[in-house]
There are 2 protein chains.
Amino acid sequence: MRKLGRELGVEAMSLYNHVPNKEALLGGMVEVLIEGLEIPAATSGGWEGKVREAFRSYLKLARAHPEVFQLFATRPLGTGEALRIFEVLRGAGLELVPALQAFRALSSYTVGYALAEIRGFPLELEGGPRALELAPPLKEVDRDAQFDFGLDLIISGLRQKLDPDGAQGDPPRRSRRGPEHQ
Amino acid sequence: MRKLGRELGVEAMSLYNHVPNKEALLGGMVEVLIEGLEIPAATSGGWEGKVREAFRSYLKLARAHPEVFQLFATRPLGTGEALRIFEVLRGAGLELVPALQAFRALSSYTVGYALAEIRGFPLELEGGPRALELAPPLKEVDRDAQFDFGLDLIISGLRQKLDPDGAQGDPPRRSRRGPEHQ
DNA sequence: ACCTGAACACCGTTCAAGT
DNA sequence: ACCTGAACACCGTTCAAGT
């Protein structure tokens, strides 16, 4: 509070005229962060693409504001914040319960991945003599690819559950009741 | 430090004879937490079961010590800590690179899920008049089922990638080069 | 080798007093 | 309506001095 006051050219105590306490201030920062989430308009590729883009944009936010994101990740979640992303799943055509399960799975993964990236991957997993030989895959993590790897694992798992006769990513056969029709 | 000192019947400054600073103390707590991770011996069911049990036990740890786990989740990760779980993947027969990708995906998900549980799910996603009608699926999350939902999504996605001609969980056909043979 | 008093440089927050 | 000085009850940490 004292430092923030200084930054604003004011004494720390003045802040209490505008904010109840420090906790509320941090909460507000988190709120602003979440409001900044850009949910991309529907692209081609059905709900999968839409969901993938939404969570990529989630990760982008975490990368842009790692400190605030860490606050966010360990703070009780306001329902409004969750709704932003939940609506993507619903809007993509998922029923209530599957949408909820999917929402929790996808946001758990995304939050966990973002934190892992922020705090840094354990790069040098093997310190032994083979370290140099193994260096390439360990040293430089392709962050986008690593995130997509897990994200697509979950998304295609969801697709199979929701649409068991859909093809594996090849040109889709006619699906009896595709979730993409709202 | 002052409170801990009091708890130990000693002045705060005495702690600095045993620990460099507060940061190191918290780091030590995280270390102890991770050392407490019980990796279950191989059960039936191939690497999938082993991996599933390992990450369930990870979640169990987070539930048992939520405060320390939150510290863990936002702290740079020591390599020793990661090795504990990484070894399960390797021991389960995965090659280096797939094991790394799988490790990052699975632990991202598990850490993210654990945090979501700790800070509380946004239960009342819809506050409108339909809230009561929708209550059952929203009000009480079956936590174990929700965790397994996402975990199994990832695990079976991995299985498909590693063993494309394996069956969907039915009695497995002979696999050409099953990852279970180290 | 371990503990302590005193001190330093900080915190968040309240509140009566100012304008 | 907003800001401030003074004060309260805290922090983590250092260091010379004790045993």
Side-chain angles (χ1 to χ4, degrees), chain A residues 1-37 61-82 111-112 114-122, chain B residues 1-37 61-82 111-112 114-122:
Chain A
M1 306 302 280
R2 286 168 137 105
K3 195 187 290 189
L4 175 61
R6 205 178 309 133
E7 202 114 357
L8 299 174
V10 104
E11 300 300 317
M13 315 74 100
S14 307
L15 299 172
Y16 291 87
N17 284 304
H18 304 94
V19 146
N21 51 37
K22 185 183 175 181
E23 192 55 29
L25 199 59
L26 298 178
M29 291 170 66
V30 168
E31 211 176 311
V32 170
L33 179 82
I34 299 297
E35 276 164 11
L37 180 63
L61 216 66
R63 284 171 171 167
H65 303 283
E67 274 91 3
V68 185
F69 186 79
Q70 274 173 297
L71 287 181
F72 162 73
T74 55
R75 198 159 295 265
L77 198 53
T79 84
E81 304 161 17
V111 169
L115 286 180
E117 217 188 84
I118 289 169
R119 61 187 174 159
F121 294 106
Chain B
M1 306 301 281
R2 287 171 136 104
K3 194 187 292 188
L4 175 60
R6 205 178 310 134
E7 202 114 357
L8 298 174
V10 105
E11 300 300 318
M13 315 75 102
S14 307
L15 299 172
Y16 291 87
N17 283 306
H18 305 94
V19 145
N21 51 38
K22 186 184 176 180
E23 193 54 29
L25 199 59
L26 297 178
M29 291 170 65
V30 168
E31 211 175 310
V32 169
L33 180 82
I34 298 298
E35 277 163 10
L37 179 64
L61 216 66
R63 285 172 170 166
H65 303 284
E67 274 91 4
V68 185
F69 186 78
Q70 273 173 301
L71 287 180
F72 163 73
T74 55
R75 199 159 293 267
L77 198 55
T79 83
E81 305 160 15
V111 168
L115 286 179
E117 218 189 81
I118 288 170
R119 61 187 175 159
F121 293 107

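First the proteins, then the strands, lettered A, B, ... as listed; each starts at 1.
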Notebook entry, point to check: What pair of heavy atoms forms the shortest contact from A:Leu115 to A:Ala73, and how long is it?
Noted result: CD1-CB, 3.9 Å
Next item on the list: Flag the pair B:Leu8 / B:Leu15 as yes when at least one side-chain heavy-atom distance between them is below 4.5 Å, and no otherwise.
Entry: yes
Item checked: Touch class at under 4.0 angstrom, heavy-atom based, for A:Met1 against every strand present -> sugar-phosphate
Notebook entry, point to check: Choosing from C:dC3, C:dA6, C:dT13, which nucleotide comes nearest the side chain of A:Ala12?
Noted result: C:dT13
Item checked: Atom-to-atom span, CG of B:Leu8 to C1' of C:dT4 - whole angstrom -> 15 Å
Checklist line | Base-pairing assignment for C:dT19 (Watson-Crick or G-U wobble, both under 3.5 Å) | finding: D:dA1
Check: Separation of B:Leu15 atom CG from C:dC2 atom P, in whole Å?
Finding: 13 Å
Check: Which whole-number value in Å describes the distance from A:Glu23 CD to C:dG12 P?
Finding: 12 Å
Check: Closest approach of B:Phe72 and A:Arg119, non-hydrogen atoms and distance?
Finding: O-NH1, 2.9 Å
Checklist line | Rounded distance (Å) that lies between atom P of D:dA6 and atom CE of A:Met13 | finding: 9 Å
Check: Can you name the nearest heavy-atom pair linking B:Asn21 to B:Met1, along with the distance?
Finding: C-CE, 4.5 Å
Next item on the list: For B:Arg6 and C:dC3, give me the distance from atom CZ to atom C1', rounded to whole Å.
Entry: 17 Å
Margin query: Please pick, from D:dG5, C:dT14, C:dT4, the nucleotide with the shortest atom-to-atom distance to any side-chain atom of A:Glu11.
Written below: D:dG5
Next item on the list: Answer yes or no on whether B:Arg63 is positioned over the face of B:Phe69, meaning its NZ or CZ is under 6.0 Å from the six-membered ring centre and within 45° of the axis.
Entry: no
Note to self: If I take atom NZ in residue A:Lys22 and atom C1' in nucleotide C:dC10, what distance separates them, rounded to the nearest angstrom?
What the structure shows: 12 Å
Margin query: By nearest atom, which of the nucleotides C:dA7, C:dC3, D:dT4 is closest to the B:Arg2 side chain?
Written below: C:dA7
Notebook entry, point to check: Does the side chain of B:His18 get closer than 4.0 angstrom to OP1 or OP2 of C:dC3 through an N or O atom?
Noted result: yes
Note to self: Applying the Watson-Crick and G-U wobble criteria at under 3.5 Å, what pairs with C:dT14? Answer none if nothing qualifies.
What the structure shows: D:dA6
Item checked: Proximal nucleotide (of C:dA6, C:dT13, C:dC3) relative to the B:Val10 side chain -> C:dC3
Checklist line | Phosphate-side-chain proximity, A:Ser14 and D:dC2, N/O vs OP1/OP2 below 4.0 Å | finding: no
Check: When the P atoms of C:dA9 and D:dA9 are considered, how many whole Å apart are they?
Finding: 23 Å
Note to self: Just the rounded figure in Å: distance from P of D:dG12 to CG of B:Leu26.
What the structure shows: 10 Å
Note to self: Without decimals, in angstroms, what is the distance between A:Asn21 CG and C:dG12 C1'?
What the structure shows: 9 Å
Checklist line | Selected nucleotide, minimal atom distance to A:Asn17 side chain, candidates C:dT14, D:dC2, C:dG12 | finding: D:dC2
